[in-house]
Amino acid sequence: MKSKQIGQDKLNTEMAKIYLETLEKPKKLDVGEPTYIIVKDTKDSEYVFVESEIGSGVIPRNQLVDSQQKIQVNVEETLLAFYMGNKGGEHYFTTIPVAPYSKIIFEKAKANQIPLKGTIEEVLEQGYFVRIGDELAFCPKSKMPVKASKGMQFLFIVLEKGKENYVVSHSDYLQIQKDQYKKELMEKLKLGSVVFGKITKITKSGATIDLGFGFEAFLPLKEITYKKIETPSEVFKTGEEIRAKVIQIDWKEDKILLSTKELEKNPWLGELPFKVGDIVDAKILNVKKQGILVLLPEKFSGFIPTKELNITKQNDIFKVFQKEQIIKAMITKIDKENQKITLSLKALDAYYEDLEYKKFMQNAKEEEVSLGSILFSEKNST
């Protein structure tokens, strides 16, 4: 079961380690002090038993369950929590600010940029009242980058103590996540690395891929497939999970380019579905003075030079041929090394003329044989 508890996913666990590394390890913990705890037993109905740097302890079970009261942490999972003191020889911990130490916990969270889990309690014109443990905090609208409504839960960074409430920010939490994730990506992501991501946007030029925590990469149209496509939507759809290869990284600009084509088997390296002399239906993709770019069966592209079009004037190309038009053409050259297919209408016309000539000669021969048979028959009858 994957944890959904505050600070319990992989990234937040790493963040907790970093926070704690910045603190001097105390021989004893002060009330409200953040510390690292490990889950040991989740079977009790009231508490989850944990192990800490100062010994065994407990944390209220209701802090670690979802709305259906299902436990959201695993045994041996590491949590970031706050020390609540020792009662009757038992160490107590909490993940949220609770009275009478809520203000101390808020200050510790603020000083160490520790995220706190909060629930939207009221939507205001200028922002949101957020219930974080036993305290009511305020999140300005500018610090909530998503549309939020009452009852929704988010993680917040404590910014400051206002006149009446602590001011918190979900945007700052997301930025911390993004910065930490970028550090991880810079260490792990190299040219040639294979990544997984979700398509968030599709345009004519390519697709935007979410790599997680607000980090995006771009998949150019020409890098989607070896075969000819006009738009990424012919291959992918928004929300789809994809696997791609990193082909360019610029950390200064946070720019990552991907390729799914690089993970495909290159069809040009094997046997093609065409050969020279084949007559194919071709869809016109673009018309230029130099010739016509066409789409062939199985998403291959080809080119028909102007000199192979059987037109009297070069400008006639724009009158005779239009985009989306379907024409028949003959393949005259296949250049596998440069991945190019050349076609011709002249060669096709010549082929049809040759067929007509052969048909005419065959008919003439048959008529000659037939006439000879009649004459021979008449001669014998006399």
Side-chain angles (χ1 to χ4, degrees), residues 2-20 22-23 31-37 59-60 62-67 72-73 78-84 93-183 212-215:
K2 185 178 180 181
S3 168
K4 297 179 182 177
Q5 162 67 20
I6 172 174
Q8 292 358 299
D9 62 10
K10 179 181 181 297
L11 179 60
N12 287 335
T13 298
E14 292 301 318
M15 289 170 65
K17 291 178 182 178
I18 292 172
Y19 296 144
L20 293 172
T22 65
L23 305 174
V31 171
E33 200 73 33
T35 188
Y36 214 30
I37 60 176
I59 190 168
N62 59 16
Q63 293 185 12
L64 305 175
V65 296
D66 59 17
S67 57
Q72 293 295 287
V73 292
T78 302
L79 313 180
L80 181 62
F82 300 91
Y83 184 53
M84 290 289 290
F93 300 91
T94 179
T95 60
I96 57 176
V98 292
Y101 310 116
S102 58
K103 286 183 171 55
I104 296 175
I105 292 173
F106 261 94
E107 288 299 327
K108 293 292 184 180
K110 173 177 172 288
N112 297 285
Q113 290 194 312
I114 298 173
L116 297 175
K117 185 179 182 181
T119 304
I120 303 296
E121 190 161 293
E122 187 177 351
V123 180
L124 307 172
E125 185 176 343
Q126 300 300 321
Y128 309 86
F129 275 134
V130 182
R131 176 63 62 184
I132 302 180
D134 291 338
E135 292 284 330
L136 196 62
F138 177 72
C139 177
K141 225 164 205 178
S142 61
K143 294 297 183 178
M144 176 60 73
V146 297
K147 188 176 181 180
S149 57
K150 185 175 180 179
M152 293 180 70
Q153 292 186 332
F154 300 93
L155 291 171
F156 297 90
I157 293 296
V158 181
L159 300 181
E160 60 183 356
K161 178 69 173 72
K163 291 182 179 180
E164 298 181 4
N165 308 97
Y166 277 96
V167 180
V168 297
S169 168
H170 182 55
S171 297
D172 284 58
Y173 166 73
L174 294 178
Q175 187 60 51
I176 289 174
Q177 278 195 314
K178 186 173 182 179
D179 291 344
Q180 176 59 27
Y181 190 57
K182 180 178 178 178
K183 290 179 182 178
F213 302 100
F215 228 88

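Taking every heavy atom of both residues into account, Leu124 and Lys141 meet most closely at O-NZ, 3.8 Å. In terms of heavy atoms, Leu155 sits closest to Pro115 at CB-CB, 4.4 Å. Of all heavy-atom pairs spanning Ser169 and Cys139, the tightest one is CA-SG, 4.4 Å. The two atoms that bring Ile132 and Gly118 nearest to each other are CG1-CA, 3.8 Å, heavy atoms only. Among all heavy-atom pairs drawn from Pro97 and Leu116, the shortest one is CG-CD1, 4.0 Å. When all heavy atoms of Ile104 and Gly32 are compared, the closest pair comes out as CG2-CA, 3.9 Å.
Distance alone, capped at 3.5 Å, is enough to place a donor-acceptor pair between the Asp134 side chain and the Ala99 backbone. His170 places no side-chain N or O within 3.5 Å of a backbone atom of Lys143 that could act as its donor or acceptor partner. Formation of a donor-acceptor pair under 3.5 Å by the Lys150 side chain with backbone atoms of Val123 is not found in this model.
Between Arg131 and Leu136, the closest side-chain pair of non-hydrogen atoms falls below 4.5 Å. A 4.5 Å side-chain heavy-atom check between Phe129 and Asn165 finds at least one atom pair inside the cut-off. Inter-residue side-chain proximity for Val130 and Phe154 is flagged as unmet; no heavy-atom pair is nearer than 4.5 Å.
Atom-to-atom distance recorded for Ile59:CD1 and Leu79:CG is 6.0 Å, nearest 0.5 angstrom. Distance check, rounded to the nearest 0.5 Å: OG of Ser149 to OH of Tyr128 gives 8.5 Å. Considering CZ of Phe138 and CZ of Phe156, their distance stands at 11.0 Å, rounded to 0.5 Å. Here OH of Tyr181 is found 8.5 Å from CZ of Phe215. Values are rounded to the nearest 0.5 Å. With rounding to the nearest 0.5 Å, the separation of CD1 in Ile105 from OG1 in Thr95 is 9.0 Å. Interatomic distance, Ile114 CD1 to Lys108 NZ, rounded to the nearest 0.5 Å: 9.5 Å.
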message = Would Met84 and Val31 count as a side-chain contact (heavy atoms from CB on, under 4.5 Å) here? Give the steps.
response = CA-CA 5 Å; Met84 290 289 290; Val31 171; 5.5 Å; no
*asked:* Test ring pair (Phe, Tyr, Trp, His ring centres under 6.0 Å) on Tyr83 and Phe93; report intermediate values, then the result.
replied: CA-CA 5 Å; Tyr83 184 53; Phe93 300 91; 5.5 Å; yes
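The residues Lys103 and Glu135 are annotated as salt-bridged, a charged nitrogen and a carboxylate oxygen being separated by less than 4.0 angstrom.
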